[in-house]
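Presented below is the structure to which this report refers.
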Amino acid sequence: SDFQASGVSGVARISGDIELETLPVELTRAANASITSVSIEAPARAASDAFSLSVEIVNRAAIALDQEVTLTLDGRELARRKLRLAPSATVRERFDRLSASDTLMRGIVSLGDDALALDNRHYFIYSHKQQLPLLIVEGSSTRANQSVFLQNALGLSRDPVFQIERLALDALHPQDLSARAAIILNDVAIPAGPLVDALASFVDAGGGLLVIAGTAAQQHWPAALLPGNPGGVITAQPASAFSLTGFAPDHPLATLIGVRNSSELSQARVFNYRELQPGAADRIVARYSDGAVALLERRVGQGRVQVLTTTLDTHWNDIALQPAFLPFLHHSLRYLAAFEAYSSQSAIGSIADLARHARALAGADAIAAAGAPGPLVVESPTAGEIRVDRQNPLLTLTEPGFYQVHNAALPGVEVTLAANVDPDEANQQQLDLARFVREIKASAGPATTATTLNRR
C-alpha cells in the first residue's frame, strides 16, 4: 500500500492469530497543487449584489511550483493570476468586488495543469440573495400602524431577504397564495370557503402560516387547519400586565431566539390576549405569566401553522417596542418557512436531498412545485440523465461538476448543485507505519477457534 494517511479512519481490528506485515509502495512525490477550499463572503447590505471569494491553494510538492489560478463565473473568465508556490506552502487568494447577477450563478476556480488534474477545478454556485416571499393579509379597515412594526422589522432581514407584499382580505384570491414561503394573517377574520381550502393546500405543501389572533379573530375557526379552540379576550387587571414567561426549551425557536432574547421578550407587557385552548395535536410554544397560551403550533402536512394570541403592534402589548422583537420575528418566520441556507458546494460521495436543496435555493418556487407529478430529472456533469423519485429525492453525487435538477421548482427557476472531489484525496502524506502497526496489534482480539462438524 502507499499508506496514505487521509485514507485511514480509526483503527483496524484483527484477531490475535493474524500476522501483520506492512509493504509500503515507494512513490515519488508528485508536483501537484490542490484547491482545498473556496469560501464566499456575502454582501454586508441586503440591497448589495457585491460579494467576495476566498480560495485556498496548497502545494503538495517538496519543490516550488509556478501556477496560475483562474476565476470563471457563468462561463466568463473574470480573473487570471500567476502564483509562485513555495514547497509545501498554503496560500490564499481573494477576489473582491465581484458582482452577482439576478439569477443563480455557476462559478469555477481552476489551476493550470500539473500531476493530478482532478483537484485543479473547484465548482460552486452563488445566488445573489435568498428571498423568502411573504404575504401579510390585513382587514379592509385596519388600525393605524397595524402592520408597520411587522413590515419594518421584516424589512431589516438580510439573510434571507423577506420579500413582503400586503393585501386586504377582501381583495385576496386563492391564486394569490402561490409562490409564497409564509403567510401572515394579521388580526383578520379567518377566511372561509375556497380561500381556507387554498390556505390548507398551501400549508400541506410545506408553506408556513402565522395567525395573529387579535380583536378581529372570530371564536370559531377551521379546526382542521388552525390549532386550538379560541375563546374570548382576557384583559389584565388595572395597573398590571401579563408577561411572556419564555419558550418551551425543547422547541427549535427556543434555541434560535436564544436565552438573552427570550429574557428580553419576558420584559414586554401584555395587556390583552385571546384565550386559546390547545388540542391533542397542538404544541404550546410559549405561555404568559398566568399560564395561558401565548403561541400555539400545529403541523399540517409538510407545513406549520402558529397562532399568536396577542397583536404585533402596540394595541394590546408593547412587544414590538422590545429590542428582542426583531430577532423573535425573523427567527419565527424563518422557522415557519423552513428556511435553510443552500449549500454552495458539496463533496463527491455525499448524498444530496434534492427537495431540501431546491427549497433552500428556490424557496417558495420549490414549494409551489412540490406537488407536481412525475419524478425529478437530474442532468449530471457528463450530461447523463438521472430520474429521482419525488417522494424519496436522494441522489449520491459521483462526479465533479454541476448537477442540474429539473422539475424541482417553477419553470424558469434554476436548481443546481456543485460537486467537488475531496481535497484530502490528493494529500500524499503517509502514515507513521510503526505507530499504525502498534495500534492495530494493541487492539487485536483473541485468536479465532475452529469448530469441526461431524457429519453422520
Side-chain angles (χ1 to χ4, degrees), residues 132-155 162-204 207-235 270-278 282 285-286 293-298 300 303-317 319-320 325 328-329 332-333 336-337 364:
L132 283 184
L134 304 180
L135 176 62
I136 299 175
V137 180
E138 307 170 311
S140 55
S141 178
T142 61
R143 295 185 298 273
N145 300 327
Q146 180 171 317
S147 293
V148 168
F149 292 99
L150 178 61
Q151 184 165 352
N152 287 348
L154 291 173
F162 292 117
Q163 189 180 40
I164 306 164
E165 183 178 358
R166 290 164 60 176
L167 281 176
L169 180 61
D170 56 8
L172 187 66
H173 302 285
Q175 59 267 28
D176 296 323
L177 307 182
S178 62
R180 314 283 182 176
I183 295 170
I184 303 171
L185 300 182
N186 188 20
D187 200 0
V188 295
I190 307 304
L195 264 180
V196 77
D197 294 337
L199 271 174
S201 297
F202 165 79
V203 177
D204 187 68
L209 177 62
L210 175 61
V211 177
I212 311 303
T215 58
Q218 64 266 48
Q219 291 194 21
H220 299 283
W221 60 34
L225 176 62
L226 302 188
N229 182 24
V233 176
I234 305 299
T235 301
V270 178
F271 306 109
N272 296 278
Y273 67 80
R274 183 166 293 280
E275 194 174 19
L276 190 62
Q277 296 297 326
D282 303 334
V285 180
V293 173
L295 188 61
L296 191 64
E297 179 181 316
R298 176 183 293 173
V300 178
R304 300 182 180 97
V305 179
Q306 285 188 347
V307 175
L308 180 68
T309 60
T310 191
T311 62
L312 278 181
D313 58 2
T314 55
H315 185 58
W316 276 6
N317 58 70
I319 293 175
F325 173 64
F328 161 67
L329 193 61
S332 295
L333 268 299
L336 280 174

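Bear in mind that the values here come from a model prediction, so they are computed numbers and not experimental data.
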What distance do [X] atom [atom1] and [Y] atom [atom2] have between them, rounded to the nearest 0.5 Å?
{"X": "Trp316", "Y": "Leu308", "atom1": "CH2", "atom2": "CG", "value": "10.5 Å"}
{"X": "Leu210", "Y": "Leu329", "atom1": "CG", "atom2": "CG", "value": "8.0 Å"}
{"X": "Thr142", "Y": "Arg166", "atom1": "OG1", "atom2": "CZ", "value": "7.0 Å"}
{"X": "Leu167", "Y": "His173", "atom1": "CG", "atom2": "NE2", "value": "9.0 Å"}
{"X": "Leu135", "Y": "Glu165", "atom1": "CG", "atom2": "CD", "value": "6.0 Å"}
{"X": "Trp221", "Y": "Asn229", "atom1": "CH2", "atom2": "CG", "value": "8.5 Å"}

Worksheet item: For Asp282, what residues pass the side-chain contact (heavy atoms from CB on, under 4.5 Å) criterion, not counting sequence neighbours?
Response: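 Asp282: side-chain contact (heavy atoms from CB on, under 4.5 Å) contacts with Pro227, Pro278, Leu296, Arg298.
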
Worksheet item: Sequence neighbours excluded, which residues qualify as side-chain hydrogen bond (donor to acceptor under 3.5 Å, both in side chains) partners of Asp313?
Response: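 Asp313 satisfies side-chain hydrogen bond (donor to acceptor under 3.5 Å, both in side chains) with Arg143, Thr311 once adjacent residues are dropped.
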
Item to complete: Only counting residues at least two apart or in another chain, list the ones meeting side-chain hydrogen bond (donor to acceptor under 3.5 Å, both in side chains) with Glu297.
Response: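 For Glu297 the side-chain hydrogen bond (donor to acceptor under 3.5 Å, both in side chains) partners, ignoring immediate neighbours, are His251, Gln306, Tyr335.
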
Any idea which heavy atoms bring [X] and [Y] closest together, and the distance?
{"X": "Ala200", "Y": "Leu225", "result": "CA-CD1, 4.0 Å"}
{"X": "Leu177", "Y": "Phe202", "result": "O-CD1, 3.6 Å"}
{"X": "Phe325", "Y": "Leu312", "result": "CE1-CD2, 3.6 Å"}
{"X": "Pro174", "Y": "Ala198", "result": "CB-CB, 3.8 Å"}
{"X": "Val196", "Y": "Pro222", "result": "CG2-CG, 3.5 Å"}
{"X": "Val137", "Y": "Val188", "result": "O-CG1, 3.7 Å"}

Is there a side-chain contact between [X] and [Y] in this structure, where contact means two heavy atoms from C-beta onward sitting under 4.5 Å apart?
{"X": "Gln146", "Y": "Asn186", "value": "yes"}
{"X": "Ile184", "Y": "Leu333", "value": "yes"}
{"X": "Leu336", "Y": "Leu209", "value": "no"}
{"X": "Ile183", "Y": "Leu185", "value": "yes"}
{"X": "Leu172", "Y": "Leu195", "value": "yes"}
{"X": "Val307", "Y": "Leu295", "value": "no"}
{"X": "Asn272", "Y": "Thr310", "value": "no"}

Is a donor on one side and an acceptor on the other found under 3.5 Å between the side chain of [X] and the backbone of [Y]?
{"X": "Arg274", "Y": "Gly214", "result": "yes"}
{"X": "Ser140", "Y": "Leu169", "result": "no"}
{"X": "Thr309", "Y": "Leu276", "result": "no"}

Item to complete: Just do the side chain to side chain donor-acceptor pair (under 3.5 Å) check on Thr215 and Asp187 with the steps written out, would you?
Response: CA-CA 7 Å; Thr215 58; Asp187 200 0; 3.3 Å; yes

